[in-house]
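Right, one structure below, let's go through it.
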Amino acid sequence: MIFPYPRRKKLIVILFISILDVESSLSEITIKLSYVLRTLAEFRVSEVLWVYETEKERKGWKLIKEISDYALTPPYLKKYIPKRKSLSKVGLLQPLNITSHQVSPEFIEGEIRLGKKGDFGLRFSYDYFHSDYVIVSDSLAKKVKPYSFYPYYKGFTSRLISYQKMLEKVTHSDNVIIASRSGVNLSQVEGKIREVYEEKGLYLVIGPPKHGVLRDLHDFKGFIVNFIPKQGVKDVRAEEALQASLALLNFILN
């Protein structure tokens with residue numbers, strides 16, 4: 001199997017915590033987050049910025065972060081995550097199956113593994129408590145060696161940002177794409193998007209369900225793109241817009 005590397009340039013997604021407003025239970029939130037997290041990992045997103053507009057949403061960030069961190073942790077290291085109420089429904093999460101999760105229970109030479117407290121998912125514990133990664137150097141002697149870095153895509157980082165800070169970040173940037181029904185067809189700007197991506201990476205903004213972002217932007221220099229032209233439904237949900245946008249971006253950026 002050929003494992004995927006991180007993207008050449010960063011692909012950062014901006015999502016709004018309010019996309020979880022319609023979910024009323026922890027089970028529903030966990031299931032919806034599972035769909036979002038799978039989509040982010042599937043298209044090798046580098047980072048996701050979660051935007052809050054109210055104090056209630058800012059407090060909700062903790063739940064998103066804890067579930068995201070759990071989903072990204074290799075199965076053999078999940079035992080080190082403390083039990084929390086927020087994680088009581090994680091059995092509903094779909095496995096991410098990113099590269100760091102796809103390891104053998106046996107020793108395979110050349111395999112690079114993530115670890116914690118000397119535990120790298122093997123039958124032995126090692127003294128490399130301060131090493132995040134090891135490489136299996138000898139499968140017969142069952143030896144591993146510390147490794148300096150993990151070369152493959154290992155998932156995305158998550159960060160909280162206020163609505164105002166988000167506006168400041170994207171208003172005058174020319175490497176921002178806003179997904180909007182009022183935008184142009186991707187085919188009209190795909191060449192320019194590729195050029196911008198290769199120079200400085202991209203931000204993709206999936207707007208909140210209650211209002212658009214465009215109303216608060218002035219002198220916007222980026223792209224406004226309709227990724228689902230002639231949509232057959234009245235409203236495209238945020239998680240659906242995310243998947244459609246990333247699928248098309250993935251096609252043109254590769």
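For reference, positions follow the sequence shown, starting with 1. Just the heavy atoms: all of them, side chains too, but no hydrogens, waters or symmetry mates, feed the values below.
Proximity of a side-chain donor or acceptor of Ser18 to a complementary backbone N or O of Asp21 within less than 3.5 Å is not detected. In this structure, the side chain of Ser180 engages the main chain of Ser182 through a donor-acceptor pair within 3.5 Å. In this structure, Asn226 contributes its side chain and Asn185 its backbone to no donor-acceptor pair below 3.5 Å. Judged by distance alone, with hydrogens and angles left aside, the side-chain atoms of Ser100 form no donor-acceptor pair with the main-chain N or O of Pro74 at under 3.5 Å.
Using a 4.5 Å heavy-atom threshold, the side chains of Tyr133 and Arg113 count as separate. Under the 4.5 Å side-chain criterion, counting only non-hydrogen atoms from C-beta, Ile64 is in contact with Leu20. The closest side-chain heavy-atom distance from Leu246 to Val45 is below 4.5 Å. Side-chain contact between Thr171 and Lys221: absent, with no pair of heavy atoms (C-beta onward) separated by less than 4.5 Å. Here the side chains of Ile206 and Ile14 are not in contact, with every heavy-atom distance at 4.5 Å or above. Side-chain atoms of Val189 and Val225, non-hydrogen and from C-beta on, do get closer than 4.5 Å to each other. Side chains of Ile193 and Val196 form no contact here, defined as non-hydrogen atoms less than 4.5 Å apart. Between Val51 and Leu15, the closest side-chain pair of non-hydrogen atoms is not below 4.5 Å.
With respect to the salt-bridge test (charged N to carboxylate O, under 4.0 angstrom), the residues Arg194 and Glu190 qualify. Between Asp132 and Lys116 no salt bridge is recorded (no basic side-chain N to carboxylate O distance below 4.0 Å). In summary, Asp69 and Lys65 engage in a salt bridge, as defined by a charged side-chain N under 4.0 Å from a carboxylate O. Salt bridge absent: Glu198 and Lys9 never bring a charged side-chain N and a carboxylate O closer than 4.0 Å.
The cationic atom of Arg181 (NZ for Lys, CZ for Arg) does not lie both less than 6.0 Å from the six-membered ring centre of Phe227 and within 45° of the ring axis. Under the 6.0 Å distance and 45° angle rule, Lys78 counts as a cation-pi partner of Tyr70.
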For Ser139 and Glu109, run side chain to side chain donor-acceptor pair (under 3.5 Å): C-alpha distance rounded to whole Å, both residues' side-chain angles, the deciding distance at 0.1 Å, then the answer. CA-CA 5 Å; Ser139 58; Glu109 289 182 15; 3.3 Å; yes
Applying side chain to side chain donor-acceptor pair (under 3.5 Å) to Asp119 and Tyr80, what does each step give before you reach the verdict? CA-CA 10 Å; Asp119 184 352; Tyr80 295 104; 2.9 Å; yes
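Between the CZ atom of Phe43 and the CG atom of Leu242 there is a distance of 8.5 Å, given to the nearest 0.5 Å.
At a cut-off of 3.5 Å, with distance as the only test, no side-chain donor of Ser27 or Ser25 sits close to an acceptor on the other residue. Using modelled atom types, one finds a donor on one side chain and an acceptor on the other under 3.5 Å when comparing Tyr163 with Asp216. If you check the side chains of Gln243 and Tyr35, you find a donor sitting under 3.5 Å from an acceptor. Under 3.5 Å, the side chains of Asn250 and Arg7 contain a donor-acceptor pair of N or O atoms.
When the ring-ring contact (aromatic ring centres under 6.0 Å, His included) test is applied to Phe156, no partner is found at least two apart in sequence or on another chain.
Under a cut-off of 6.0 angstrom, the local environment of NZ in Lys10 is sparse, with at most 12 non-hydrogen atoms contributed by other residues, nucleotides or ligands.
Heavy-atom minimum distance, Val213 versus Pro208: CG2-CD, 3.7 Å.
When the side chains of ILVMFWY residues are joined at heavy-atom separations under 4.5 Å, either directly or via intervening members, Phe220 and Tyr203 end up in a single hydrophobic cluster. Taken together through direct or relayed side-chain contacts under 4.5 Å among Ile, Leu, Val, Met, Phe, Trp and Tyr, Leu96 and Leu92 form parts of separate hydrophobic clusters. A chain of hydrophobic side-chain contacts below 4.5 Å, direct or via other Ile, Leu, Val, Met, Phe, Trp or Tyr residues, connects Val184 to Ile177. Both Tyr76 and Tyr152 are members of a single hydrophobic cluster when ILVMFWY side chains are connected at heavy-atom separations under 4.5 Å.
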